[in-house]
Amino acid sequence: MTTATTATTTSGTTAAVRSSAQPEGRPVDQAVDHYDRFLAEHYTWMLGGDLDALAAAQRASLSRWGVTPDSAACPTAGALAVDLGCGPGHASLALAALGFDSVLAVDLSRPLLSELAAHADRVPAVRVVRADVRGALRELVRPGSAGAVVCLGDTLTHLPTRGDVAALFADVAAALAPGGTAVFAYRDLTVPLTGTDRFLPVRATEDRIMTCFLEYPDDYDDYTVVVHDLIHTRVTPDADWTLTARSYRKLRLAHPWVVQQLGTAGLRVRHEESGPGGMRTVVLERGA
């Protein structure tokens, strides 16, 4: 059910506000619903708006991290790469551009997969698969056959439990060839933000403004954070702004815990990076 109210923007104009009741399903269902019904149409825009440019930047990062078809010790394994939680697919396109013969682009969001499929019709290496990342590797990839597995875009925090995260690490290790590379990127939101620090600007253009607001409720202790996505839009420069807002929960994953679980799964850290907003990137290798 959708309701409408009004709110005053910072410029003093009146804006319509649309909000939708949240689903009562499992956390993973809530995340999928949030993307399919709300965030997917804005996702590429909020990353910069140009999928080809995003793919080129991602290719440069992956290359710098050593994610290449010949990086696996097994000479035949580098042909296959897997992009878990691929979204609109800039990492999948980057992996194909790096020379992987086959790239499985896995996600549950139909709109985002459709966007990727339309863009990848000229990239035969990319295969779009709608599947839950928690079981995709076991169902789609022969053990020890993948040259690279990437899981970017904060996908890990969309999983229902920390146990699911640890199980995914084990699946990645099993899917990789000896010497194969894994890359995980996620936000460490374990330290609660307070006051205005809870408002995180995402992107602003002439007709669209996106902000995230983080809420740390007591009902789940330190397990989740509620993310409120706020998007203002207007049709023309002189029109009133319309605010659309939806919320969903994300896991709070402490970086030391993540590194420990990756080691338990048999993955060796090769490189780490920290970025804005608590973003962490970990590049790993499966041992022989």
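By convention here, the first residue in the shown sequence is residue 1. Hydrogens, waters and symmetry mates play no part in the numbers below; they use all other heavy atoms, side chains included.
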Q: Please report the shortest heavy-atom distance between Ala96 and Val103, naming the atom on each side.
A: N-CG2, 3.8 Å
Q) So do Leu137 and Leu84 actually touch side chain to side chain, heavy atoms under 4.5 Å? A) yes
Q. Are Leu168 and Leu140 linked, directly or through other ILVMFWY residues, by side chains that come within less than 4.5 angstrom of each other?
A. yes
Q) In terms of hydrophobic clusters joined by side-chain contacts under 4.5 Å, are Leu189 and Val226 together? A) no
Q: Report the C-alpha separation of Phe100 and Val67 in whole Å, then their side-chain angles, then the decisive distance to 0.1 Å, and conclude whether the side chain to side chain contact (heavy atoms under 4.5 Å, CB included) test is met.
A: CA-CA 10 Å; Phe100 286 95; Val67 184; 4.3 Å; yes
Q) If we only count heavy atoms from C-beta on, is the Leu251 to Tyr186 side-chain gap below 4.5 Å? A) no
Q: Report the C-alpha distance between Asp238 and Thr236 in whole Å, list the side-chain angles of each, state the deciding distance to 0.1 Å, and finish with yes or no for side chain to side chain donor-acceptor pair (under 3.5 Å).
A: CA-CA 5 Å; Asp238 58 347; Thr236 61; 2.6 Å; yes
Q | Atom pair CD (Glu215) and OG1 (Thr224), whose distance is rounded to the nearest 0.5 Å | A | 9.5 Å
**Q.** Note, Thr194 side chain near Tyr216 side chain (heavy atom, < 4.5 Å)
**A.** no
Q: Please answer whether the main-chain N or O of Val283 pairs with a side-chain N or O of Arg270 as donor and acceptor at a distance below 3.5 Å.
A: no
Q | Spatial distance of atom CZ (Arg246) from atom CG (Leu39) [nearest 0.5 Å] | A | 10.0 Å
Q | Test log, rule side chain to side chain contact (heavy atoms under 4.5 Å, CB included), inputs Arg249 and Tyr223 | A | CA-CA 10 Å; Arg249 290 184 184 265; Tyr223 209 77; over 6 Å; no
Q.
I'd like to know if the side chain of Ser63 and the backbone of Arg59 have a donor-acceptor N/O pair within less than 3.5 Å.
A. no
Q: Taking Asp50 for its side chain and Ala53 for its backbone only, find out whether a donor-acceptor pair lies under 3.5 Å.
A: yes
Q) Has the side chain of Arg127 got a donor or acceptor atom that lies under 3.5 Å from a matching backbone atom of Val106? A) no
Q: Calculate, to the nearest 0.5 Å, the distance between atoms CD and NZ belonging to Gln30 and Lys250 respectively.
A: 14.0 Å
Q) Is there side-chain contact between Met210 and Asp229, with heavy atoms separated by less than 4.5 Å? A) yes
Q.
Taking Gly278's backbone N and O only, do any of them form a donor-acceptor pair with Asp188's side chain (distance below 3.5 Å, no angle check)?
A. no
Q.
Do Leu176 and Leu267 make a side-chain contact, defined as non-hydrogen atoms from C-beta onward lying under 4.5 Å apart?
A. yes
**Q.** salt bridge (charged side-chain N to carboxylate O under 4.0 Å, His left out) partners for Glu273, two or more places apart
**A.** Arg64
**Q.** Pairwise side-chain contact, Leu116 with Leu93, heavy-atom cut-off 4.5 Å (strictly under)
**A.** yes
**Q.** Residues Tyr248, Val227; criterion side chain to side chain contact (heavy atoms under 4.5 Å, CB included); working and verdict
**A.** CA-CA 6 Å; Tyr248 71 121; Val227 179; 4.2 Å; yes
Q) To the nearest 0.5 Å, how far apart are CD in Gln261 and OG1 in Thr264? A) 5.0 Å
**Q.** Polar side chain donor-acceptor pair, His90 to Asp52, under 3.5 angstrom
**A.** no
Q. Where do Leu284 and Phe184 come nearest, in terms of heavy atoms and distance?
A. CD1-CD1, 3.6 Å
Q. Do any N or O atoms from the side chain of Asp83 and from the backbone of Ser92 form a donor-acceptor pair under 3.5 angstrom?
A. yes
Q: Name all residues meeting the salt bridge (charged side-chain N to carboxylate O under 4.0 Å, His left out) criterion together with Asp171; count only those two or more places apart in sequence or in a different chain, and write none if there are none.
A: Arg138
**Q.** Distance in Å, Ser109 OG paired with Tyr43 OH, rounded so as to fall on 0.5 Å steps
**A.** 10.0 Å
Q: Of all the heavy-atom pairs spanning Leu156 and Val165, show the shortest one and how long it is.
A: O-CG2, 3.8 Å
Q: May I ask you to test the Leu243-Leu230 pair for a side-chain heavy-atom distance under 4.5 Å?
A: yes
Q.
Quick check on the hydrophobic clustering: are Leu193 and Val225 connected, directly or via other members, by side-chain heavy-atom contacts under 4.5 Å?
A. yes
Q: Consider only side-chain heavy atoms of I, L, V, M, F, W and Y, link residues closer than 4.5 Å, and tell whether Val269 and Leu253 are in one cluster.
A: yes
Q: Heavy atoms only: give me the nearest Pro237-Glu206 pair and the separation to one decimal.
A: CG-OE1, 3.9 Å
(Q) Tell me whether Arg208 contacts the main-chain N or O of Thr233 through its side chain, where contact means a donor paired with an acceptor under 3.5 Å. (A) no
Q) In terms of hydrophobic clusters joined by side-chain contacts under 4.5 Å, are Leu159 and Val259 together? A) yes
Q | Gap separating the SG atom of Cys212 from the CZ atom of Arg198, nearest 0.5 angstrom | A | 14.0 Å
(Q) Closer than 4.0 angstrom, basic N to acidic O: yes or no for Arg187 and Asp154? (A) yes
Q. Looking only at atom types and distance, does a side-chain atom of Arg234 sit under 3.5 Å from a main-chain N or O of Trp241, one as donor and one as acceptor?
A. no
(Q) Quick check on the 6.0 Å ring-centre criterion: do Tyr35 and His158 meet it? (A) yes
**Q.** Test item: Thr155 side-chain N/O and Cys151 main-chain N/O as donor-acceptor pair under 3.5 Å
**A.** no
Q. Do Leu214 and Leu200 touch side chain to side chain, with heavy atoms closer than 4.5 Å?
A. yes
(Q) Pair Gln58, Leu152 - check side chain to side chain contact (heavy atoms under 4.5 Å, CB included), show working. (A) CA-CA 10 Å; Gln58 189 68 75; Leu152 311 175; 3.7 Å; yes
Q. Between the side chains of Thr281 and Glu272, does any donor sit under 3.5 Å from an acceptor?
A. no
Q | Side-chain donor-acceptor contact under 3.5 Å, Asp207 with Thr205 | A | yes
Q. Of all heavy-atom pairs between Ala175 and Val141, which one has the smallest distance, and what is that distance?
A. CB-CG1, 4.0 Å
Q. Closest approach of Pro192 and Arg252, non-hydrogen atoms and distance?
A. CG-NH2, 3.5 Å
Q: Please say whether more than 12 non-hydrogen atoms of neighbouring residues, nucleotides or ligands are located less than 6.0 Å from CZ in Arg130.
A: yes
Q: Taking Asp164 for its side chain and Thr161 for its backbone only, find out whether a donor-acceptor pair lies under 3.5 Å.
A: yes
